[in-house]
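In what follows, a structure is listed as C-alpha cells, so that the remarks can point back to it.
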Amino acid sequence: MAGRELEWSRGDRAKAAAKLMVGWVALLWLLEVVDVASGHALDGLGITPRTPSELVDVVPAAFIHFGFAHVAANSVPLLVMGFLAALGGLRRFAAVCALIIVADGLGVWLIAPAHTNTAGASGLIFGLFGYLLVTGFVERRPLGVLVGLLVGAVWGTSILVGLAPTQSGVSWQAHLLGLVAGVVTAFLFRRRSPEPT
C-alpha cells in the first residue's frame with residue numbers, strides 16, 4: 001500500500017509540474033500575441049540598465065519577448081527544464097524561479113550595456129540549466145546527477161554558445177547571470193540527506 005501511495009504522489013507531482021509549465025509557456029505566447037496586437041506596447045517592460053524606474057521591470061521582463069521567434073526559441077527548453085525542476089515540488093520550484101529571475105534581472109540592470117532593452121525567459125532558462133546541472137551533485141542524489149548529465153548533454157552546447165559575447169542582439173550578460181544564479185540557488189535550496197542511523 002505504501003508503495004502504491006508513493007507512486008500516486010509521484011504521478012500527481014508530475015501532472016502538476018506538467019500543467020504548470022504548459023500554462024507558463026502558454027502565458028508567454030499569449031503575452032506576445034497581446035504585444036503584437038498592441039503595437040509592441042509590452043516591449044517597454046524590458047530592462048533598461050541603471051535607470052531607477054526600470055527596477056519595477058526586473059520580474060516582468062522575464063515574461064516578455066521580442067517577437068514570436070524569440071518565444072519559440074525559449075519555449076521547449078523552458079517547458080522541459082521547468083518540468084524537471086518542478087518535479088522537486090512546486091513551492092520549491094517557485095522559490096527557485098523567483099530567486100533566479102530577481103537575481104538575473106538585477107544583474108542585467110547593473111551590468112548590461114547602456115541604452116539596451118533586455119527581456120525574455122532565457123535568463124531563467126540558463127538559471128534552470130545551472131540548477132539542474134549541479135543540484136544532484138550538491139544533494140548527492142544519483143537520479144539528480146543523471147538528470148543533470150542528461151540536461152548538460154542535450155543543452156550544454158547551446159548554453160555555451162549563448163554565453164559568447166560575440167552574438168549580436170543576444171544578452172550574454174543575462175545568460176551568464178542566470179546561469180550563476182541557478183548554480184547558487186542549487187546550493188541555497190539543497191535538500192540535506194538524512195543522517196545514517
Side-chain angles (χ1 to χ4, degrees), residues 12-48 54-109 112 116-133 147 150-151 154-159 161-163 167-179 181-182 185:
D12 291 343
R13 185 175 290 185
K15 286 178 186 176
K19 287 179 183 177
L20 172 64
M21 293 318 302
V22 167
W24 192 320
V25 171
L27 173 63
L28 299 185
W29 281 90
L30 176 61
L31 287 171
E32 188 54 32
V33 169
V34 171
D35 185 46
V36 170
S38 64
H40 300 285
L42 299 184
D43 287 355
L45 295 175
I47 301 168
T48 302
E54 289 292 304
L55 286 170
V56 298
D57 293 334
V58 162
V59 173
F63 297 85
I64 303 304
H65 290 80
F66 301 133
F68 290 113
H70 192 195
V71 183
N74 285 337
S75 291
V76 172
L78 178 61
L79 185 67
V80 175
M81 286 190 253
F83 171 75
L84 292 172
L87 288 175
L90 296 187
R91 277 187 287 189
R92 184 187 193 201
F93 175 68
V96 165
C97 289
L99 193 149
I100 292 170
I101 289 171
V102 171
D104 184 57
L106 289 174
V108 166
W109 186 85
T116 58
N117 185 20
T118 303
S122 57
L124 174 60
I125 291 166
F126 276 66
L128 290 173
F129 175 86
Y131 173 79
L132 290 168
L133 191 67
V147 168
L150 288 172
V151 167
V154 172
W155 278 288
T157 302
S158 298
I159 293 295
V161 170
L163 294 174
Q167 293 186 87
S168 133
V170 174
S171 176
W172 65 267
Q173 295 93 344
H175 295 170
L176 177 61
L177 291 163
L179 181 63
T185 302

Asp104 CG to Gln173 CD distance, which is reported to the nearest 0.5 Å
10.5 Å

Heavy-atom check, side chain of Leu28 versus side chain of Glu32, under 4.5 Å
no

Find out whether Ser158 and Phe129 are in side-chain contact, i.e. whether some heavy atom of one side chain is under 4.5 Å from a heavy atom of the other.
no

Closest contact, heavy atoms only, Leu177 versus Val108
CD1-N, 3.4 Å

Return the set of residues passing side-chain hydrogen bond (donor to acceptor under 3.5 Å, both in side chains) with Asp35 (not counting sequence neighbours), or none when no residue passes.
His40

How long is the straight-line distance from CG of Leu27 back to CZ of Phe63, given to the nearest 0.5 Å?
7.0 Å

Would you name the heavy atoms of Leu78 and Ala121 that are closest together and state the gap between them?
CD2-CB, 4.2 Å

How far apart are the closest heavy atoms of Phe83 and Ala17, and which atoms are they?
CD1-CB, 3.7 Å

Is there a donor-acceptor pair under 3.5 Å between the side chain of Asn117 and the backbone N or O of Asp43?
yes

Looking at every non-hydrogen atom in both residues, tell me the closest pair between Ile47 and Ala61 and how far apart they are.
CG1-CB, 3.6 Å

Heavy-atom side-chain contact between Leu128 and Phe93 under 4.5 Å:
yes

With sequence neighbours excluded, what pairs up with Val170 under the side-chain contact (heavy atoms from CB on, under 4.5 Å) test?
Gln167, His175

Of the non-hydrogen atoms in Trp29 and Ser75, which two are nearest, and what is the gap between them?
NE1-OG, 2.9 Å

Short question: side chain of Glu54, backbone of Thr48 - any donor-acceptor pair under 3.5 Å?
yes

For residues Val36 and Phe68, determine if any side-chain heavy atom of one lies less than 4.5 Å from a side-chain heavy atom of the other.
yes

Might you point out which heavy atoms bring Ile100 and Gly178 nearest each other, and give the distance in Å?
CG2-O, 4.3 Å

After noting the C-alpha distance and the side-chain angles of Phe126 and Leu163, does the key distance pass the side chain to side chain contact (heavy atoms under 4.5 Å, CB included) rule?
CA-CA 10 Å; Phe126 276 66; Leu163 294 174; 4.0 Å; yes

Do Val151 and Val80 have side chains that approach each other closer than 4.5 Å (heavy atoms only, starting at C-beta)?
no

Excluding sequence neighbours, so at least two apart, what forms side-chain hydrogen bond (donor to acceptor under 3.5 Å, both in side chains) with Thr185?
none

Start with the C-alpha gap between Leu99 and Tyr131, add the side-chain angles, then the distance that decides, and say whether side chain to side chain contact (heavy atoms under 4.5 Å, CB included) holds.
CA-CA 11 Å; Leu99 193 149; Tyr131 173 79; over 6 Å; no

Measuring from atom CG of Leu20 to atom CG of Leu79, what distance do you get when rounded to the nearest 0.5 angstrom?
10.0 Å

Tell me, do Trp155 and Leu132 make a side-chain contact under 4.5 Å, heavy atoms counted?
no

Just how far is it from atom NE2 of His65 to atom CG of Asn74, taken to the nearest 0.5 Å?
4.0 Å

